[in-house]
Amino acid sequence: MIVGVPKEIKRDEYRVGLLPVGVEELTRAGHTVLVEKGAGLGSGLPDQAYVKHGAGMIDHAAEIFAQADMIIKVKEPLPAEFSLLRPDQIVFTYFHFAADRTLTEAVVASGCTAVAYETLADDKGQLPLLTPMSEVAGRMSIQEGAKYLERPQMGRGILLGGVPGVDPAHITILGGGVVGANAAKVAAGFGAHVALLDINMDRLRYLDDVMPANVTALFSDRHTIRQQLKNADLVVGAVLVPGAKAPRLVTREDLALMKPGAVIIDVAIDQGGCIETSRPTTHSDPTYIVDDVVHYCVTNMPGAVGRTSTFALCNVTLPWAIEIANGGVVQAAKTIRPIGRAINVHGGEVTNRAVAETFQMPYNDRFEL
Ligand SMILES: NC(=O)c1ccc[n+]([C@@H]2O[C@H](COP(=O)([O-])OP(=O)(O)OC[C@H]3O[C@@H](n4cnc5c(N)ncnc54)[C@H](O)[C@@H]3O)[C@@H](O)[C@H]2O)c1
């Protein structure tokens, strides 16, 4: 196959879909890899690093889309890329179709095969291509929280770990999944007092077992949440109800319970956010203030730490990309169930039930296993 790697064109996106080691692995398996010039620069990967491992460097994305049998990207195609998609071309990237009808219609019309990172599910129902980005966002939430708690950033002027003789910060994390657990680990490392809330008792037992002593695993109900808001310097929103909008756990009235200058990092904003006053922001303008509480609601947090995120993402996507390149996508889908589950659009039809239901479009179940 010819595998193409265009440069990401979405604002504030610094990741790239393939590492130089991916070029080496794919070429060793007999494939040709074409990379757009400058595609890796946002992640600190110069063109020479790709060339050294066998990539052909191409000046324009249009040439890559015209030649490649499979495109490997990070973000969904943007309108400027819609007309470049070809029938019989495989596009392996994050799509998040259910959030975007225009994108879904454009990809269906193009005839390409959309293999979506976010629906590549293993037999336990886990989503291995989403996990690393949740790990990044969870760890980063505390780093950002620490920054916005500083007084010049309009925060309370609190140092997470305190100092001898002075209390550390109190951090409340709503949701103890991948984001929440990673946030808790980093927060604990800073020496903060951490409360980690979830509604899944099995998960709470597990977290209670593995977390350091300065993390308390608590059941998430209205009373506990309100109590926590009174104490919290930093609140991290990390809940997820799969396939649904995030539950609103903090109302606007609840903000009155919080200390002036407290900070909310609503990581769940990509699913609508779990705080009533959250609205999506960008890395260029990440925060705003409501009722004296600083809100940070960036929808693509991993984009800001592009180098870490690129490595974390490519580590998990490459083995699947190689399977698809070696076997062809239809054949790979027959034998490798997660790949079948990842195919959202094929041959001008929607092949993911949830996407079809969201937009009331016809559904073809050929990849349902
Ligand atoms: N903003 C970003 O850049 C970014 C990056 C990565 C992930 N995310 C988002 O972060 C969110 C969390 O992702 P994740 O991978 O940790 O999901 P996850 O499924 O691993 O964890 C979610 C947890 O929330 C818990 N939960 C559900 N309802 C709850 C409630 N009422 N109270 C407390 N806990 C509750 C679940 O039991 C689960 O343990 C998702 O919305 C995800 O899309 C955002």
Side-chain angles (χ1 to χ4, degrees), residues 130-131 133-146 148-149 155-156 158 160 169-188 190 192-208 210-212 214-259 262-281 287 290-291 293-299 301:
L130 275 185
T131 304
M133 293 306 103
S134 286
E135 291 167 341
V136 169
R139 292 178 182 214
M140 191 176 158
S141 67
I142 302 301
Q143 187 169 313
E144 295 300 299
Y148 291 104
L149 274 171
R156 297 192 70 220
I158 295 263
L160 287 190
H170 183 87
I171 302 183
T172 300
I173 302 171
L174 303 172
V178 180
V179 169
N182 277 277
K185 245 165 133 175
V186 171
F190 269 105
H193 289 312
V194 185
L196 184 51
L197 279 63
D198 207 293
I199 49 171
N200 177 336
M201 275 312 300
D202 288 336
R203 183 70 184 167
L204 284 175
R205 287 190 185 102
Y206 167 77
L207 292 168
D208 184 67
V210 301
M211 284 291 160
N214 53 340
V215 177
T216 311
L218 295 176
F219 190 77
S220 170
D221 60 28
R222 275 299 284 154
H223 287 191
T224 311
I225 292 172
R226 279 210 297 263
Q227 190 58 43
Q228 283 294 320
L229 294 177
K230 288 182 198 159
N231 294 336
D233 299 299
L234 172 61
V235 174
V236 176
V239 298
L240 177 66
V241 178
K245 274 186 85 173
R248 287 284 154 87
L249 301 183
V250 178
T251 64
R252 171 141 199 182
E253 294 81 69
D254 292 337
L255 294 190
L257 301 169
M258 297 181 71
K259 303 169 193 166
V263 174
I264 292 174
I265 308 279
D266 198 352
V267 184
I269 188 66
D270 62 339
Q271 301 290 332
C274 57
I275 317 286
E276 189 181 0
T277 41
S278 294
R279 58 173 164 78
T281 59
T287 59
V290 180
D291 296 345
V293 175
V294 180
H295 291 55
Y296 171 104
C297 309
V298 175
T299 47
M301 294 174 64

Sequence neighbours excluded - side chain to side chain donor-acceptor pair (under 3.5 Å) pairs with any residue from residues 133-143: Arg139-Asn182
Could you check whether any side-chain heavy atom of [X] comes within less than 4.5 Å of a side-chain heavy atom of [Y], counting everything from C-beta outward?
X: Ile142; Y: Leu160; result: yes
X: Ile269; Y: Val298; result: no
X: Thr172; Y: Asn231; result: no
X: Cys297; Y: Asp266; result: yes
X: Val215; Y: His193; result: no
X: Val293; Y: Val235; result: no
X: Ile225; Y: Leu197; result: yes
X: Ile173; Y: Val194; result: yes

About how many Å separate [atom2] of [Y] and [atom1] of [X], when rounded to the nearest 0.5 Å?
X: Asp291; Y: Thr277; atom1: CG; atom2: OG1; value: 7.5 Å
X: Glu253; Y: Glu276; atom1: CD; atom2: CD; value: 6.5 Å
X: Leu234; Y: Tyr148; atom1: CG; atom2: OH; value: 12.5 Å
X: Ile199; Y: Leu249; atom1: CD1; atom2: CG; value: 8.5 Å
X: Leu255; Y: Leu257; atom1: CG; atom2: CG; value: 8.5 Å
X: Asp221; Y: Thr224; atom1: CG; atom2: OG1; value: 3.5 Å

Do His170 and Gln228 pass the side chain to side chain contact (heavy atoms under 4.5 Å, CB included) test, and can you show the C-alpha distance, the side-chain angles, and the key distance before you say yes or no? CA-CA 9 Å; His170 183 87; Gln228 283 294 320; 2.7 Å; yes
Show the nearest heavy-atom pair for residues [X] and [Y], with the distance to one decimal.
X: Val179; Y: Ala238; value: CG1-CB, 3.5 Å
X: Pro280; Y: Thr299; value: CB-CG2, 3.8 Å
X: Met301; Y: Ala137; value: CE-O, 3.7 Å
X: Ala192; Y: Ile171; value: CB-CD1, 3.7 Å
X: Gly180; Y: Leu196; value: O-CD1, 3.8 Å
X: Pro212; Y: Ala188; value: CG-CB, 3.7 Å

Do His295 and Thr287 have side-chain N/O donor and acceptor atoms under 3.5 Å apart? no
Qualifying residue, where the test is salt bridge (charged side-chain N to carboxylate O under 4.0 Å, His left out) with Asp254 and the options are Arg248, Lys230, Arg222: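 The residue from Arg248, Lys230, Arg222 that satisfies salt bridge (charged side-chain N to carboxylate O under 4.0 Å, His left out) with Asp254 turns out to be Arg222.
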Check step by step if salt bridge (charged side-chain N to carboxylate O under 4.0 Å, His left out) holds for Arg203 and Asp198. CA-CA 8 Å; Arg203 183 70 184 167; Asp198 207 293; 5.3 Å; no
The test is salt bridge (charged side-chain N to carboxylate O under 4.0 Å, His left out); show your working for Asp202 and Arg205 and say whether it passes. CA-CA 5 Å; Asp202 288 336; Arg205 287 190 185 102; 3.4 Å; yes
